[in-house]
Amino acid sequence: MIDSSSIKQLAGHPFDRRDFLKVLGWSGAAVALSGCGNTSIENGKETVVSYVEAADYVIPGVAVYYNSTCAQCDAGCNINGRVREGRVLKLEGNAASAINRGKMCGLGQAGVQHHYNPDRVREPLLRKGDKGETISWDKAYALIAEKLNGVSGEQVAFLSGAVSGHLKVLLGNYLESLGSKNLYVYEAVAPAVQRAANKKAYGTEMPRFNINKAKVVLSFGADFLGSWVSPVHFSQQYAQFRKGVDGQRGVLVQVESKMTLTGANADRWLVVRPGTEGILALGIINALGASGVTLSGDVAAAVQGYDKARVSNDTGVSVEHLDKLVALLKERTPSLVLAGSAAEGYAHGSQNAAAINLLNQVLGNVGKTIEASASVPFPQMIPAKGNTAALKTLNDDLAAGKYKVLFTYATNPVFTAPGSMKFKANLAKAGFKVAFAHYLDETALEADLVLPLDSALEDWGTQVPEYMAEGAQINIQQPLMEKLHANTQGMGDILLTLVKQREADKYKDFADYYGYLRGSLLTIKGALGSGGTDDDTFWDETLTSGIIKLAGSAEQLSGNASAAGLQLPAAAAADAQYSFHLIPSVTAYLRDGRHTNQPWLQESPDPLTTIVWDSWVEIHPKKAAELGIVEGDVLEVSSRTGSIRAQAYLFPGIHPDAISIPLGRGHEALGRYAKGYGVNPFQILDAVFDQETGELALHETRVKISKVGQRIIVVKDEGAAGGKPEQRRIALSKSTDQVKLSEEV
Amino acid sequence: MSKRHLLAMFSSFDEAELVVQELRNTSIKGFDVNDDLVVKSPIEHPEVEEFLGEKPVYVQWFTLFGALMGGLLGFFLISGAQANFFEQLKGGKPIVPFPPNFVLTYEMFILGGVYISVLGFLICAGLPAKRSPLYSSSVSEDKIAILVKSEAGATSTLRAIFTKHQALEIQEEAGK
Amino acid sequence: MSVSNLLENWSQFRHFHPVDDKPHDPYKWAMSIDIDACSGCNACSVACYAENNIPVVGKERFQHGQQMHWMRIERYWPDHDFDFPEQGAEFLPMMCQQCEAAPCETVCPVGATNHTADGLNSQIYNRCIGSRYCSANCPFKVRYFNWYDYPTDETVWPAEMNRQLNPDVSVRGKGVMEKCTFCVQRLRAAEVTAKGEGRIVREGEVQTACQQACPTSAISFGNLVDPESRVHKQWQAQQVEMNVDEQEKDKEPGGSHLRGYRILEELRPYPSVMYLERVRESAI
Amino acid sequence: MKDIREDIAWAKINRDVLVSLENPRKLYWVIVFGALSLFSVGLGCEIYQYQVGMGVANLNNPNVWGLYIATFIFWIGMSHSGTLLSAILHLMHADWRKPIYRFAEAMTTFSLMTAGLFVMVHIGRLWQFYYALPYPNDRGTWPNFQSPLLWDAMAIFTYLSSSVLFLYVGMIPDLAICRDNLHKGWRKKLYTLLALGWEGTDRQWRNFRVTYLTIACFLIPLAVSVHSIVASDFAMSQQPGWHVTSFPPYFVAGALYSGCAAIITLFIILRYVFRFEDYMTKSILKKTVRLTFAIAMVWTYLNAVEFAAVWYGHDMDAKAVLIQKATGPFAPFWWGMVFCGSVVPLMLAFKRFQTNIPVLFAVSLLLNLGMWLERWMIVAPTFSHGYYPWVWDNDQWPSLIQWGMVMGSFGWFTLLFMVFCKVFPSVSMYEVKEMVYHRSLHLKKNETAGQGAH
């Protein structure tokens with residue numbers, strides 16, 4: 001298969017300097033050519049690097065660097081892998097990238113632990129009762145063909161995580177060849193409401209947010225430094241924003257019910273009653289109007305009645321703070337208002353987002369700090385964006401027993417589907433389930449056939465980021481080293497093989513996905529602005545830079561958001577039985593939990609609570625005192641859907657009527673570093689959906705809590721002082737009137 | 001010319017003192033009271049020194065030498081090692097810092113003093129020694145013994161003196 | 001170890017470092033960290049794990065306080081009583097401050113931690129016997145001890161995970177102390193390259209792993225004696241002097257408008273890391 | 001009440017003491033067995049810790065030193081009373097020390113050896129401990145002479161070897177007695193060898209006297225320096241609660257205190273086990289008790305001085321440590337230390353308790369406990385509440401491994417001590433004879449004077 005073809009390639013083409021990049025990581029160093037059970041002289045060769053006959057690019061003791069693309073989240077950061085003696089050691093940022101400019105977040109850096117993870121699936125596994133039996137790839141493919149035989153396209157579904165580039169093209173082609181339209185692109189924590197609201201307000205789903213150009217950023221729960229859209233990119237903008245233009249430091253105001261990492265960096269953190277973000281936005285518009293900002297007729301009408309007293313009463317934000325905020329927004333322009341998942345996770349989430357976007361309109365930020373993003377001239381490659389509405393449809397179909405064959409890839413719905421959906425039970429109704437997986441996660445465990453994938457560091461691919469930092473770009477993903485396990489395959493190769501089962505003729509020119517990728521990129525060479533260069537040069541340059549910059553045109557940006565149809569419900573009434581709002585928090589490193597088995601991430605303390613390796617329930621200290629709860633008390637958190645138990649952590653950055661549990665932990669599978677650590681709040685989420693987009697309203701679940709009478713030691717980095725400096729000069733702070741930033745280096 | 005040993009046991013220091021005084025006052029040929037007389041006692045008894053006359057003790061000179069050499073050796077060994085191994089630079093401190101070196105010099109001063117004192121003791125006290133030809137284990141119990149060494153001719157005189165002072169027991173080296 | 005060496009070079013041996021010793025030349029590695037830019041995201045810490053072969057100790061050992069993070073992000077709340085942290089939290093990246101007069105160096109019985117010519121506080125793993133006196137005397141508590149034998153521990157670097165280990169950095173066995181090295185392996189490589197070319201390391205030529213990763217570029221690192229270096233300029237602009245226990249600017253009545261400060265400077269360890277104070281908007 | 005009966009025959013002294021080498025009470029064997037068991041536990045713990053790593057001791061950052069160092073100081077401290085009894089009282093011509101100084105000196109030696117063990121079990125790489133020794137080597141490396149730990153090593157080496165020499169030199173006349181009185185066998189050979197041919201000649205005694213006095217003179221400043229240096233481990237560091245000028249004298253007082261308490265304990269045990277009632281008399285016990293009381297008060301005073309200095313000083317960090325000692329998680333132990341160290345000894349001020357053996361036994365154990373707690377309270381709170389609040393960690397409780405080794409050290413010490421007392425005369429025979437002799441002379445003189453007056 002892949003190995004043998006690459007060996008042939010090696011044999012046929014003696015190395016030359018030009019070729020080495022091409023072969024790089026493909027056949028790579030002389031490692032991992034033999035599989036298990038090989039008794040020949042090759043035995044153990046995978047752990048030996050020959051310096052006697054070292055490959056051209058293996059210079060003993062010297063690291064070489066190759067560009068690729070980070071696959072840990074969808075932001076599409078361009079990475080630079082450090083390789084020594086055929087091993088990838090460290091992922092660093094590609095300095096030429098407009099997205100991350102040489103920087104990396106921790107999640108991205110942990111990509112090597114995805115690659116080297118000891119719990120990766122190494123062989124195709126076929127279900128035999130409760131166990132998986134190792135089978136060959138040939139058998140696996142034959143089995144798929146057999147199962148698809150006589151099944152109509154309607155009865156086949158493909159559940160995928162967000163996917164873009166050529167993989168998306170191939171995936172689409174494959175489904176087309178099956179006659180199926182059932183592609184469900186599911187991401188548990190994607191900004192789907194945001195996209196819809198942006199489309200409405202600005203005419204584009206994901207415009208560019210220029211935090212660095214804003215003098216004030218007012219963020220309604222958008223954790224742009226942690227987990228929101230493209231955090232590494234926004235972090236750099238944020239640094240510039242803090243330095244400011246002409247030494248006038250940017251001001252960050254964060255409005256949310258539970259402090260996020262971004263909230264922790266705010267100049268003013270305003271705690272609001274959960275779900276009232278939209279009311280606050282309208283109240284600010286109203287106050288701006290009252291202070292002399294011209295409002296168009298429909299806007300003025302929409303905000304009528306949102307006077308300060310009412311808004312303050314509904315949201316819990318004091319009039320004094322409201323006044324200061326309005327004065328600041330009026331005085332310092334341009335500003336930027338962001339709506340994040342915290343504001344959008346309600347049944348009226350779209351309305352909240354619309355109200356917040358309207359504020360941008362009123363402040364005149366559209367076109368200044370919100371700009372049109374560059375469009376990608378190859379629509380077939382733009383990302384298939386994940387959302388949760390897709391899962392709902394799939395779940396309903398599964399419940400109806402509609403599917404005979406179901407493929408899953410890059411998503412773990414058994415873990416991330418809200419408990420109320422009973423997804424696991426419904427999944428069982430699908431006839432034959434094929435999981436393309438790196439690990440035996442909860443979903444793969446339910447599958448009938450598990451096909452092991454190459455890691456992102458040993459696979460080829462192209463990726464198109466959803467959020468374009470500057471100009472449009474296509475990211476190249478290339479192997480940084482030889483495959484670690486002989487019997488894994490790249491997703492592209494698998495899809496190519498599968499599509500060949502249906503339409504062999506069409507794809508006969510492509511021996512493998514690499515060939516497909518190279519061939520298809522070469523065909524659009526002209527469109528990529530490299531029409532003049534020869535194929536090899538183009539290809540080498542592409543692989544060297546890892547980025548194809550596109551001369552695409554900017555999308556249209558409309559600045560005429562209308563306030564029509566803006567209907568915000570009154571602040572939610574207290575629920576007598578389930579008195580707390582549950583805020584399932586999305587943390588920067590664990591997100592929806594797919595990378596929880598990377599030990600660096602498990603042991604990287606949560607920035608706000610410093611807790612590691614476990615889940616916790618954040619509760620406001622005053623509320624905790626009322627209820628007699630102290631740190632480490634195990635709490636039973638029950639919703640109408642279910643209940644989970646976790647340790648209490650007293651956290652001042654949360655609304656007293658809310659509790660928060662981070663997402664991502666509580667795996668029952670996914671390997672030694674994830675299984676059995678913490679609890680999974682997805683399990684107790686109620687089935688409440690955003691009324692406009694049908695997205696799951698993550699923040700709508702109401703819960704009650706009770707102590708179970710057990711107290712444990714909270715495993716955290718913070719010491720007994722609880723993060724108080726105790727009068728010592730350690731972390732010092734000044735206010736802007738005490739400093740002269742413009743004089744600084 | 002061979003000398004013969006004679007050992008007499010007494011029950012008290014007073015007796016022994018009288019014997020020694022008499023021996024001192026009596027001139028016996030072939031017997032020198034300063035060289036040929038040894039008093040053995042179960043306890044340390046300053047009067048013995050008095051009635052035997054002041055004899056010099058040199059242990060303290062060993063002590064002085066040992067202490068000084070120990071101190072000097074300590075200081076130079078340590079400073080020399082530090083100077084030679086200056087890669088071991090400690091931020092905020094010179095390569096050869098005084099306070100620590102003085103502490104160690106002090107310890108070496110004492111160490112040298114004690115060791116060489118003990119060495120001096122062994123040398124001055126003649127230890128380890130061969131057992132003398134005549135010894136009674138009652139010395140280690142409660143008796144005072146006077147061991148004399150004399151020409152064969154003086155033995156009887158000495159024996160007479162011992163007997164006169166109620167020697168409990170008199171041992172004589174067997175003749176050759 | 002000759003006495004003549006002692007006598008001949010006596011004055012050299014009596015120089016106090018760094019106060020009246022010859023200045024670091026040509027290198028004095030130093031850092032400055034802008035905690036107003038720091039978002040507390042932990043990317044630096046993960047980068048440090050990746051670069052320096054730091055073991056992930058696991059939940060139980062972490063509970064016992066045996067975590068090994070050379071670089072830790074501390075999260076502070078205000079000292080006074082408050083209902084909500086309305087000005088956010090305060091994040092502080094803390095790692096070995098590479099003190100010029102390091103309290104840890106003098107107390108090590110075997111001299112396993114020393115001051116290097118380029119201004120680092122070195123740790124020699126092979127020499128360390130694990131008395132832990134250095135950690136006891138470290139005011140910042142940034143030294144980490146290998147309580148277990150992580151290289152042979154199956155939970156830390158099982159098969160395949162061990163292939164990620166950086167060959168440029170020793171993997172430490174049980175019983176030795178370790179700490180942030182300012183990525184000494186990178187510094188040495190750069191110094192040697194520069195020396196081969198007859199020059200000194202240029203600004204920007206070498207980065208520490210944390211600095212390299214930091215998404216907000218809050219960390220500057222460089223050669224403090226190089227007037228071209230950003231660190232030099234920052235220290236100078238902030239009027240932070242190395243060999244003092246109280247900065248002149250702090251003696252001004254009413255304080256200074258400059259943000260640069262060093263932590264626990266009054267203990268006179270002369271830290272090589274300058275922090276820039278966090279700033280919060282006064283208008284809101 | 002007399003320190004000793006003047007009419008004890010010298011031969012009886014020999015007999016009584018020599019019999020202790022052969023025929024102790026059954027309790028002796030119980031104690032030896034108990035000690036051996038405890039030591040085995042400690043040894044097992046050390047083997048486990050050596051194999052697995054220091055982590056099993058449940059130490060962490062910042063609590064890098066645990067009971068090991070605390071108990072190390074305890075044992076070093078205990079060693080000081082031997083020197084006090086043998087050297088200081090010798091110089092002061094307090095002859096009541098004579099029946100009890102031998103075992104006190106043995107205690108010095110063995111507690112130093114026990115203390116040394118803690119240095120070993122404490123270090124992370126025991127197999128490399130020789131790096132701390134200054135020996136010439138082809139790499140040209142040396143230990144760091146600036147480290148108080150090295151001073152410690154040097155001071156303890158000096159002290160241990162000097163103490164052993166002092167003990168040995170002082171024992172030579174007794175070894176000769178043993179040589180002369182015991183039957184043939186390995187013991188006879190041993191004593192013959194060790195007695196170096198001592199015969200009690202005037203020349204030997206003369207040099208012996210000067211040497212013994214000289215070493216005594218060295219030992220006193222040495223003992224003071226040793227515990228000052230141990231105090232320097234803390235005082236020379238920069239940590240709040242440790243960086244205290246009064247630490248050296250405070251440590252020395254604590255050392256003498258715990259040593260005296262231990263002497264009372266061992267006094268009572270030996271007196272019973274070896275039937276030394278005639279020599280270790282209640283009168284001597286009373287004097288020891290009074291000495292202990294005086295030292296207890298000195299220690300209490302120095303303790304108060306330390307607290308007051310911190311309290312009225314402007315070092316907020318040191319003050320925070322003190323407050324945390326008194327109110328934090330360590331409070332029970334800290335107050336226990338104050339109770340055992342400063343309140344319990346007040347009982348010793350009452351005459352009726354000064355000779356009450358059961359009471360004294362209990363009190364001496366409490367004093368020892370108090371002094372052990374004191375060492376723990378010096379070490380632990382500073383770690384858990386140092387300069388840097390982020391790493392404050394007050395919950396670090398020593399693991400059973402640590403406790404096992406602390407227990408094991410008591411076993412080891414007791415074992416060594418008990419074996420010593422069985423093999424060597426634990427009462428100095430020749431000096432008791434001197435004591436009896438001088439006292440009877442004195443008595444005679446008084447009688448004569450009394451008769452003259454009539």
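A, B, ... follow the sequence lines: proteins, then strands. Residue 1 opens every chain.
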**Q** Start with the C-alpha distance between C:E86 and A:H321, add both sets of side-chain angles, then the distance that settles side chain to side chain contact (heavy atoms under 4.5 Å, CB included), and finish with yes or no.
**A** CA-CA 11 Å; C:E86 297 201 317; A:H321 280 142; 3.5 Å; yes
**Q** Pick whichever of A:V714, A:L225, A:L252, A:I713 has the most heavy-atom pairs under 4.5 Å with chain C.
**A** A:I713
**Q** Please find the pair of heavy atoms, one from A:R729 and one from C:Y261, that lie closest to each other, and give the distance.
**A** NH2-CB, 4.3 Å
**Q** Looking only at non-hydrogen atoms, find the nearest pair between A:E85 and C:P167 and report the distance.
**A** OE1-CG, 4.2 Å
**Q** Taking all heavy atoms of C:M161 and all of A:P599, pick out the closest pair and write down the distance.
**A** CE-CG, 3.3 Å
**Q** Show your working on side chain to side chain contact (heavy atoms under 4.5 Å, CB included) between C:Q212 and A:K90 and close with a plain yes or no.
**A** CA-CA 12 Å; C:Q212 189 179 25; A:K90 190 170 183 294; 4.0 Å; yes
**Q** Checking heavy atoms, do the side chain of C:P93, its backbone, both or neither come under 4.5 Å from chain A?
**A** neither
**Q** Any Lys/Arg nitrogen of A:K734 or C:D36 sitting under 4.0 Å from an Asp/Glu carboxylate oxygen of the other?
**A** no
**Q** How close do C:V279 and A:S735 get, counting heavy atoms only, and between which atoms?
**A** CG1-C, 4.1 Å
**Q** Give the minimum heavy-atom separation between A:P652 and C:P85, together with the two atoms involved.
**A** O-CD, 3.4 Å
**Q** Which distance, rounded to the nearest 0.5 Å, do you find between the CZ of A:R249 and the CD of C:E281?
**A** 7.0 Å
**Q** Measuring from atom CG of C:L165 to atom CZ of A:R87, what distance do you get when rounded to the nearest 0.5 angstrom?
**A** 7.0 Å
**Q** Can you tell me which portion of C:V57 sits under 4.5 Å from chain A's heavy atoms? Options are side chain, backbone, both or neither.
**A** both
**Q** Please flag which part of A:K740 lies under 4.5 Å from any non-hydrogen atom of chain C: side chain, backbone, both or neither.
**A** both
**Q** If you take the centroid of each ring, where Trp contributes its six-membered ring, are A:H620 and C:F84 closer together than 6.0 Å?
**A** yes
**Q** C:Q87, C:H64, C:E74: which one forms the most heavy-atom pairs within less than 4.5 Å of chain A?
**A** C:Q87
**Q** Considering only heavy atoms and a distance below 4.5 Å, find which of C:L276, C:I284, C:D34, C:N162 pairs most often with chain A.
**A** C:I284
**Q** Return the orientation label for the A:F651 and C:W77 ring planes: parallel under 30°, perpendicular over 60°, tilted otherwise.
**A** perpendicular
**Q** Given heavy-atom pairs under 4.5 angstrom as the criterion, report whether the side chain, backbone, both or neither of C:F91 touches chain A.
**A** side chain
**Q** Would A:K724 and C:Y76 count as a side chain to side chain contact (heavy atoms under 4.5 Å, CB included) here? Give the steps.
**A** CA-CA 6 Å; A:K724 300 263 182 152; C:Y76 289 103; over 6 Å; no
**Q** Let me know if C:E51 has heavy atoms under 4.5 Å from chain A in its side chain, its backbone, both or neither.
**A** both
**Q** Can we say A:E744 and C:R259 salt-bridge, meaning some charged N sits less than 4.0 Å from an Asp/Glu carboxylate O?
**A** yes
**Q** What's the spacing between A:D737 CG and C:R280 CZ if we round to 0.5 Å?
**A** 14.0 Å
**Q** Measure the shortest side-chain to side-chain distance between A:P607 and C:I73 over non-hydrogen atoms and say whether it is less than 4.5 angstrom.
**A** no
**Q** Can you confirm whether the side chains of A:N265 and C:S39 place a donor and an acceptor under 3.5 Å from each other?
**A** no
**Q** So how far is it from C:T155 OG1 to A:Y673 OH, rounded to the nearest 0.5 Å?
**A** 6.0 Å
**Q** Identify which part of A:V112 has an atom lying under 4.5 Å from any heavy atom of chain C, answering side chain, backbone, both or neither.
**A** side chain
**Q** Can you tell me which portion of C:A50 sits under 4.5 Å from chain A's heavy atoms? Options are side chain, backbone, both or neither.
**A** both
**Q** For C:S32, which atoms come within 4.5 Å of any heavy atom of chain A: side chain, backbone, both, or neither?
**A** neither
**Q** Is it the side chain or the backbone of C:H80 that comes within 4.5 Å of chain A heavy atoms, both, or neither?
**A** backbone
**Q** Distance alone, cut at 3.5 Å: any donor-acceptor contact between the side chains of A:D717 and C:Q67?
**A** yes
**Q** By a 4.5 Å heavy-atom criterion (distance strictly below it), what part of A:V253 contacts chain C: side chain, backbone, both, or neither?
**A** side chain
**Q** Can you tell me which portion of C:D83 sits under 4.5 Å from chain A's heavy atoms? Options are side chain, backbone, both or neither.
**A** both
**Q** Below 4.5 Å, heavy-atom pairs only: which of A:G106, A:A239, A:G723 has the largest tally toward chain C?
**A** A:G723
**Q** Where on A:A266 is there a heavy atom nearer than 4.5 Å to chain C: the side chain, the backbone, both, or neither?
**A** backbone
**Q** Between the side chains of C:E160 and A:H115, is a donor N or O closer than 3.5 angstrom to an acceptor N or O?
**A** no
**Q** Could you walk me through whether C:D168 and A:R84 pass the salt bridge (Lys or Arg N to Asp or Glu O under 4.0 Å) test, one step at a time?
**A** CA-CA 10 Å; C:D168 295 343; A:R84 274 260 320 245; 2.5 Å; yes
**Q** Hey, could you give me the CG/CD1 distance between A:L732 and C:I263, rounded to the nearest 0.5 Å?
**A** 7.5 Å
**Q** As an exercise, state the distance from OG of C:S217 to CD of A:Q240, rounded to the nearest 0.5 Å.
**A** 8.5 Å
**Q** Under 4.0 Å between a side-chain nitrogen and a carboxylate oxygen: does that hold for C:D79 and A:R728?
**A** no
**Q** Just checking, any donor-acceptor pair under 3.5 angstrom between side chains of C:N166 and A:R82?
**A** yes
**Q** Between chain C and each of A:T610, A:L608, A:T609, count heavy-atom pairs under 4.5 Å; write down the option with the most.
**A** A:L608
**Q** In terms of heavy-atom proximity below 4.5 Å to chain A, should C:S220 be classed as side chain, backbone, both, or neither?
**A** neither
**Q** Regarding C:R186 and A:E92, does a basic nitrogen lie under 4.0 Å from an acidic carboxylate oxygen?
**A** yes
**Q** Heavy atoms only: give me the nearest C:V46-A:Q109 pair and the separation to one decimal.
**A** CG1-CB, 3.9 Å
**Q** Please check if any side-chain donor atom of C:S282 sits under 3.5 Å from a side-chain acceptor atom of A:T736, or the reverse.
**A** yes
**Q** Output the option from C:L92, C:T216, C:L258, C:N42 having the highest count of non-hydrogen pairs under 4.5 Å with chain A.
**A** C:N42
**Q** Select one option (side chain, backbone, both, neither) describing which atoms of A:R120 are under 4.5 Å from chain C's heavy atoms.
**A** neither
**Q** Measure A:L325 against the heavy atoms of chain C and call it side chain, backbone, both or neither at under 4.5 Å.
**A** both
**Q** Heavy-atom distances under 4.5 Å only: say whether A:K243 touches chain C with side chain, backbone, both or neither.
**A** side chain
**Q** Begin with the C-alpha distance, continue with both residues' side-chain angles, and end with the deciding distance and a verdict on side chain to side chain contact (heavy atoms under 4.5 Å, CB included) for C:E90 and A:S733.
**A** CA-CA 8 Å; C:E90 204 162 352; A:S733 195; 3.8 Å; yes
**Q** Which atoms of A:Q727 are under 4.5 Å from chain C, going by heavy atoms: the side chain, the backbone, both sets, or neither?
**A** both
**Q** So which of C:M94, C:Q236, C:E60, C:Q238 has the biggest tally of heavy-atom pairs under 4.5 Å with chain A?
**A** C:Q238
**Q** If you tally heavy-atom pairs under 4.5 Å against chain A, which of C:F62, C:F140, C:Y275, C:Y49 wins?
**A** C:F62
**Q** Does the side chain of C:E277 pick up a donor-acceptor pair with the side chain of A:Q738 at under 3.5 Å?
**A** no
**Q** Pick one of side chain, backbone, both or neither for A:E718, based on which atoms fall under 4.5 Å of a heavy atom in chain C.
**A** side chain
